[in-house]
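Just so it is clear, the structure is predicted and the values come from calculations on it, not from any experiment.
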Amino acid sequence: CNDLGDATGDGISDILDIVTIVNHILGSSPISDDLAYCGADITEDGIVDILDIVTIVNNILGSGRVDDAYKVNFYKTGDALEMEANGFVSAVQMTIKHDSDASFEFISESLVSAYVTDGESTTFIMVVPEEGVLFNLNSENGFTIEDLKVANSSGLITSAVIDQFALMSSYPNPFNP
């Protein structure tokens, strides 16, 4: 087995290993070497996923960051998706469904961002994303979120997707008879 966190086999755990794992998860470049797979599975749970990325990010960035988020809200606003968190977010993995002729563009900065589109479905991963608008998706019928995983430096956390806002009149006003 390569050293834990070393998916590339170069003897160190760094951003190249994160990119390799992201590409593996998205299916664009699967890790086929058993030694590399073993090294990529830094959590040693038998699965190479975003939790392995989170662990490598923690090793690279070290301690001293702001507090971890324990809740993240995503807001659908037209063709965009905005993220609001109450602390540090290590990674987001999301699969969205949309029209087959949709165009996808990352807006937010992150350590690593990658996506793969297959027909009417796009899966993306953002590592250490900034808050704000994550992406724009130009699609005649909009998009729906099919799968969502969000992690802080400790593991998966709670998230909510808010896609409707409504302002309602509050009449009669019980405080002004």
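Under the side chain to side chain contact (heavy atoms under 4.5 Å, CB included) criterion, T144 pairs with K97, E146, not counting sequence neighbours.
I145 forms part of a hydrophobic cluster together with V72, F74, L81, M83, V89, V92, M94, I96, F104, F106, Y115, F124, M126, L134, F135, L137, F143, L148, V150, I157, V161, judged by ILVMFWY side-chain heavy-atom separations under 4.5 Å.
Side-chain contact of H24 with S29: a donor-acceptor pair under 3.5 Å is absent, judged by distance alone. Side chains of N152 and S90: a donor-acceptor N/O pair is absent below 3.5 angstrom, by distance only.
Using modelled atom types, one side-chain atom of D41 and one backbone atom of G46 make a donor-acceptor pair closer than 3.5 Å. Not one N or O on the side chain of D99 forms a donor-acceptor pair closer than 3.5 Å with the backbone of S139. Under the 3.5 Å distance criterion, the side-chain polar atoms of D6 are matched with a main-chain donor or acceptor of D10.
Sorted by first and then second residue, the pairs that involve residues 44-56 and meet side chain to side chain donor-acceptor pair (under 3.5 Å), not counting sequence neighbours, are T43-D45, T43-D52.
Side-chain contact between F88 and D67 is absent, with no heavy-atom pair separated by less than 4.5 Å.
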**Request:** Evaluate the side-chain contact (heavy atoms from CB on, under 4.5 Å) criterion for residues T95 and T122: first the C-alpha distance (whole Å), next the side-chain angles of each, then the deciding distance (0.1 Å), finally the verdict.
**Result:** CA-CA 6 Å; T95 301; T122 298; over 6 Å; no
**Request:** Carefully, step by step, assess S110 and V128 under the rule side-chain contact (heavy atoms from CB on, under 4.5 Å).
**Result:** CA-CA 5 Å; S110 66; V128 190; 5.7 Å; no
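For CG of D118, the number of neighbouring non-hydrogen atoms (other residues, nucleotides, ligands) closer than 6.0 Å is 12 at most.
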